[in-house]
Amino acid sequence: MAYTKEDIIRMVKEEDIEFIRMQFTDIFGQLKNVAITASQVERAVNNEIMLDGSSIEGFVRINESDQYLYPDLDSFTVFPWRPQHGKVARLICDVHNPDGTPFVGDPRGVLKRVLEKAKRMGYDAFNVGPEAEFFLFQTDEDGKPTTKTNDEAGYFDLGPLDHGEGTRREICIALEQMGFEIEASHHEVAQGQHEIDFKYADALRTADNIMTFKLAVKTLAQKNGLHATFMPKPIFGINGSGMHTNMSLFKDGKNAFADPAGEKGLSKECYSFIAGLLAHVQGFVAITNPLVNSYKRLVPGYEAPCYLAWSAANRSALIRIPVSRGMGTRVELRCPDPCCNPYLALAVCLAAGLDGIEKGMTPPPEITENIFKMDEVTRKAHGIASLPGSLEEAILAMESDQLVMDTLGQHVAENYIEGKWKEWDEYRTRVSSWEREKYIVIY
């Protein structure tokens, strides 16, 4: 939809909307908002709503705290889960400085900058389709989340086994009311694990959609007495939650990754894009997999891709090329998890792929064997490296990847790294229940 300021002012009046949430995302991927009443809608659409940036983690220093929210008018939508009287709508915003320039610490701005670069290289669209998984857990009598699922269903199971099914259906209906096109919704491999796939869109809209999706899932689960979590590995010994990310570049309305005459029907640009991803993934995995817990998912044996390889059919590779060709040709990166900041994650993926195209990189040969079944010697012989094994290794790799640091810009990179070192330090110095169970009796 392309809305004008007048459209929004009119809809707020006609739809009896009482509150508008002016939403934006901090650098750690947390959704923030400034709530205003309907009487302030004119100020909102004229970019006059202020924000105190000093209160947002990683945003600004105290002496430059005033910022303004510039709403993306096309993002206007009403929350379907709120009451019909006194409705609540939202606008997704860019953050700007008082002089009108974009604020360098705004993640949405980071993605816009890389999309501009793609445009300059002749690409008119970077389309992304995410597959976000999550767990639905029961809550205890205080409303606190447990790790009980009350669900014996398995992959694609149906019916009475899957108690989360009703909630998942409600989420799909709510998202469709907000303009999403839901392509698939099913139970995942693990108990209590679900996946909802929505139709691909250009990268900026997709990142906005991922933030909206996470809000809808959490809100509707809570409404039904469940707790939804996107935590990558909530339970030891079973599969974690990923967010496989399908990407394609378009030039003059045609899929730039498709070439009927190319090997496997893929273009030279597609191979270079894959090579760029493989060249930089160790440096950007701290963005796509941002938590201490992310690295508990990226271990062999649980379907998570931790080895640097690509393949057209092999699900044990980090990058897979799904079967569809022509307009549907795409590259699927399998490591990201749904806790990432989608604006930053898509920005670094695109920047890495474009770097591959600019430098004419070629990827290593395709790996068709199951990498999980190879031993270390065989993997070495194939030249297959691994992703960082911990958040600490990932931050160090990020600090030494200039492309990733430049893509984020100094402000975001420095604040992000500082926040992640704090998180790692807190984890490193905490005594876990595993340590107590293992050592307290023996020693």
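Counting from 1, the numbers follow the sequence of the chain as shown. Not measured: the values here are computed from a predicted model.
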First locate atom [atom1] of [X], then atom [atom2] of [Y], and finally report the distance between them rounded to the nearest 0.5 Å.
| X | Y | atom1 | atom2 | answer |
| --- | --- | --- | --- | --- |
| Tyr70 | Ile49 | OH | CD1 | 12.5 Å |
| Leu350 | Tyr123 | CG | OH | 10.0 Å |
| Leu220 | Leu215 | CG | CG | 9.0 Å |
| Asp26 | Asn341 | CG | CG | 7.5 Å |
| Asn209 | Phe198 | CG | CZ | 5.5 Å |
| Thr146 | Lys144 | OG1 | NZ | 12.5 Å |

For the backbone of [Y] and the side chain of [X], can you confirm whether one donor and one acceptor N or O come within less than 3.5 Å of each other?
| X | Y | answer |
| --- | --- | --- |
| Asp401 | Leu403 | yes |
| Ser311 | Ile367 | yes |
| Ser267 | Ala256 | yes |
| Lys214 | Pro338 | yes |
| Ser272 | Glu269 | no |
| Asn97 | Gly100 | no |
| Ser185 | Ile196 | no |
| Tyr416 | Ala286 | yes |
| Asp197 | Ala184 | no |
| Ser75 | Leu91 | no |

If you look at every heavy atom in [X] and [Y], which pair is closest and at what distance?
| X | Y | result |
| --- | --- | --- |
| Gly328 | Ser324 | O-OG, 3.0 Å |
| Lys251 | Gly122 | CG-O, 3.2 Å |
| Ile27 | Pro107 | CA-CG, 3.9 Å |
| Ala38 | Ile20 | CA-CD1, 4.4 Å |
| Ala309 | Leu278 | N-CD2, 3.9 Å |
| Thr329 | Ser248 | O-CB, 3.4 Å |

With a cut-off of 3.5 Å and sequence neighbours excluded, list every side-chain donor-acceptor pair involving residues 387-395.
{"unit_1": "Ser390", "atom_1": "OG", "unit_2": "Glu392", "atom_2": "N", "d": "3.4"}
{"unit_1": "Ser390", "atom_1": "OG", "unit_2": "Glu393", "atom_2": "N", "d": "3.1"}
{"unit_1": "Glu393", "atom_1": "OE1", "unit_2": "Gly389", "atom_2": "N", "d": "2.9"}

Inset, instruction - In sequence, state the C-alpha distance, the side-chain angles, and the governing distance for Ser432 and Glu435, and then conclude on side-chain hydrogen bond (donor to acceptor under 3.5 Å, both in side chains). - result: CA-CA 5 Å; Ser432 67; Glu435 290 166 275; 3.0 Å; yes
Inset, instruction - Flag this pair as yes if the NZ/CZ of Lys233 is under 6.0 angstrom from the six-membered ring centre of Phe236 and inside a 45 degree cone about the axis; otherwise no. - result: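 No, Lys233 does not lie over the aromatic ring of Phe236.
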Whether over 12 other heavy atoms sit under 6.0 Å from [X] [atom1]:
| X | atom1 | value |
| --- | --- | --- |
| Tyr427 | OH | no |
| Glu176 | CD | yes |
| Lys268 | NZ | no |

Regarding [X] and [Y], is there a side-chain donor-to-acceptor distance under 3.5 Å anywhere?
| X | Y | value |
| --- | --- | --- |
| Gln193 | Asn239 | no |
| Asp7 | Thr4 | yes |
| Gln222 | Thr219 | no |

Inset, instruction - Could you go through the ring-ring contact (aromatic ring centres under 6.0 Å, His included) check for His96 and Phe103 one step at a time? - result: CA-CA 5 Å; His96 283 247; Phe103 167 52; 9.7 Å; no
Contact check, side chains of [X] and [Y], non-hydrogen atoms, under 4.5 Å:
| X | Y | value |
| --- | --- | --- |
| Phe24 | Leu51 | yes |
| Val128 | Tyr200 | no |
| Pro71 | Asn47 | yes |
| Cys306 | Ser386 | no |
| Phe135 | Ser241 | yes |
| Trp310 | Tyr271 | yes |
| Leu354 | Leu249 | yes |
| Asn127 | Phe250 | yes |

Quick test of your reading of the model: are [X] and [Y] salt-bridged, counting only N-O distances below 4.0 Å?
| X | Y | value |
| --- | --- | --- |
| Asp425 | Lys422 | no |
| Arg108 | Asp208 | yes |
| Glu423 | Lys420 | yes |
| Glu133 | Arg297 | no |
| Arg330 | Glu332 | no |
| Lys223 | Glu170 | yes |

Students often mix this up, so state it plainly: with edges at 30° and 60°, are the rings of [X] and [Y] parallel, tilted or perpendicular?
| X | Y | answer |
| --- | --- | --- |
| Phe79 | Trp81 | parallel |
| Phe213 | Phe134 | perpendicular |
| Phe126 | Phe273 | tilted |

Inset, instruction - Pick out which of Arg205, Arg90, Lys112 makes a salt bridge (charged side-chain N to carboxylate O under 4.0 Å, His left out) with Asp72. - result: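 Exactly one candidate clears the test, Arg205.
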Inset, instruction - Apply salt bridge (charged side-chain N to carboxylate O under 4.0 Å, His left out) to the pair Arg430 and Glu426, showing each step before the final yes or no. - result: CA-CA 6 Å; Arg430 267 297 158 85; Glu426 199 182 316; 3.5 Å; yes
Inset, instruction - Could you give me the CA-CA distance, side-chain angles and deciding distance for Val412 and Tyr343, then say whether side chain to side chain contact (heavy atoms under 4.5 Å, CB included) is met? - result: CA-CA 12 Å; Val412 172; Tyr343 301 101; over 6 Å; no
